[in-house]
Amino acid sequence: MRHLNLTSQRQAVYDIVRESHDHPTAAEVMNRLVEKGHNLAYGTVYNSLRYLADKQLIRELKLGEAASRYDARMDDHQHIICERCGAVDEVMSHVPEPWMEAVAKETGYTIAHAHVVFGGICSACRNKAIN
């Protein structure tokens, strides 16, 4: 078992990420902490997110945006991002094994894992365009 040093600040940050289903950025985590009455410095929030990711309690997502997002779901899954509003959702479909084999053959890599990020337009943005 990995040694964890969950200070009260790290626990507060972890709780925010675990309770969030929208893959918050560090700034959004900070805002949610303030809403809950916590008074943490930005550096503490960033360091806590890094610590939690290093300990594999959360996942840092780099989705082609300027800011990383954070996800407490550690099971194998993919993501889709709305190209209009930036919403991020989870995709539970697995990457097909033949595709992974083709990538391995093309690149010469041994594939350890895959994380696919899909892009598209979410239903809320599509509905806004229709109305």
Side-chain angles (χ1 to χ4, degrees):
M1 174 91 186
R2 58 185 173 244
H3 174 72
L4 296 177
N5 181 16
L6 282 184
T7 62
S8 60
Q9 295 92 341
R10 289 174 181 162
Q11 184 67 54
V13 170
Y14 182 49
D15 290 344
I16 292 294
V17 176
R18 268 197 355 233
E19 294 165 5
S20 300
H21 300 289
D22 60 347
H23 307 83
T25 63
E28 290 168 336
V29 170
M30 184 73 182
N31 291 340
R32 293 171 193 181
L33 286 164
V34 169
E35 288 171 5
K36 289 194 169 224
H38 296 282
N39 186 20
L40 301 181
Y42 277 108
T44 301
V45 172
Y46 284 105
N47 289 337
S48 295
L49 289 166
R50 185 176 315 112
Y51 176 86
L52 294 167
D54 287 347
K55 293 296 183 180
Q56 299 180 348
L57 293 173
I58 64 172
R59 184 181 303 181
E60 180 179 8
L61 304 174
K62 297 188 183 281
L63 302 174
E65 302 173 296
S68 292
R69 292 179 173 266
Y70 296 89
D71 188 0
R73 283 193 74 159
M74 296 303 291
D75 57 340
D76 188 26
H77 65 283
Q78 317 314 312
H79 292 90
I80 188 165
I81 186 166
C82 179
E83 295 171 346
R84 287 200 185 137
C85 70
V88 176
D89 287 298
E90 290 162 336
V91 176
M92 300 315 293
S93 300
H94 294 285
V95 176
E97 192 64 35
W99 191 38
M100 303 242 307
E101 291 168 2
V103 170
K105 184 176 180 181
E106 177 182 329
T107 63
Y109 279 63
T110 300
I111 307 295
H113 59 85
H115 180 231
V116 177
V117 179
F118 297 92
I121 307 298
C122 71
S123 58
C125 288
R126 271 197 329 273
N127 291 337
K128 284 180 197 171
I130 293 170
N131 296 329

Nearest atoms (heavy-atom pairs only) where [X] meets [Y]:
X    : Y    : value
I16  : L33  : CG1-CD2, 3.6 Å
S20  : P24  : CB-CD, 3.7 Å
D22  : R69  : O-NH1, 3.4 Å
M100 : V95  : CG-CG1, 3.6 Å
D76  : A114 : OD1-O, 4.0 Å
E60  : S68  : OE2-OG, 2.6 Å

Counting C-beta onward and ignoring hydrogens, is there a side-chain heavy-atom pair between [X] and [Y] closer than 4.5 Å?
X    : Y   : value
L40  : V13 : yes
H115 : L63 : yes
E90  : H23 : yes

### Query
Is it true that the side chains of S48 and Q9 contain a donor and an acceptor less than 3.5 Å apart?
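Per modelled atom types, S48 and Q9 side chains form no pair under 3.5 Å.
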### Query
How about E35 and N31: does a side-chain donor come under 3.5 Å of a side-chain acceptor?
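No, N31 and E35 have no side-chain donor paired with an acceptor closer than 3.5 Å.
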Treating [X] as the side-chain partner and [Y] as the backbone partner, does any N or O pair qualify as donor plus acceptor under 3.5 Å?
X   : Y    : value
Y42 : M30  : no
Q78 : V116 : yes
T25 : E28  : yes
R59 : D75  : yes
R10 : L52  : no

Cluster link [X] to [Y], ILVMFWY, side chain under 4.5 Å:
X    : Y   : answer
V117 : L61 : yes
L49  : L57 : yes
L4   : V17 : yes
L6   : V29 : yes

### Query
What distance separates Y14 OH from R18 CZ, expressed to the nearest 0.5 Å?
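CZ of R18 is found 5.0 Å from OH of Y14.
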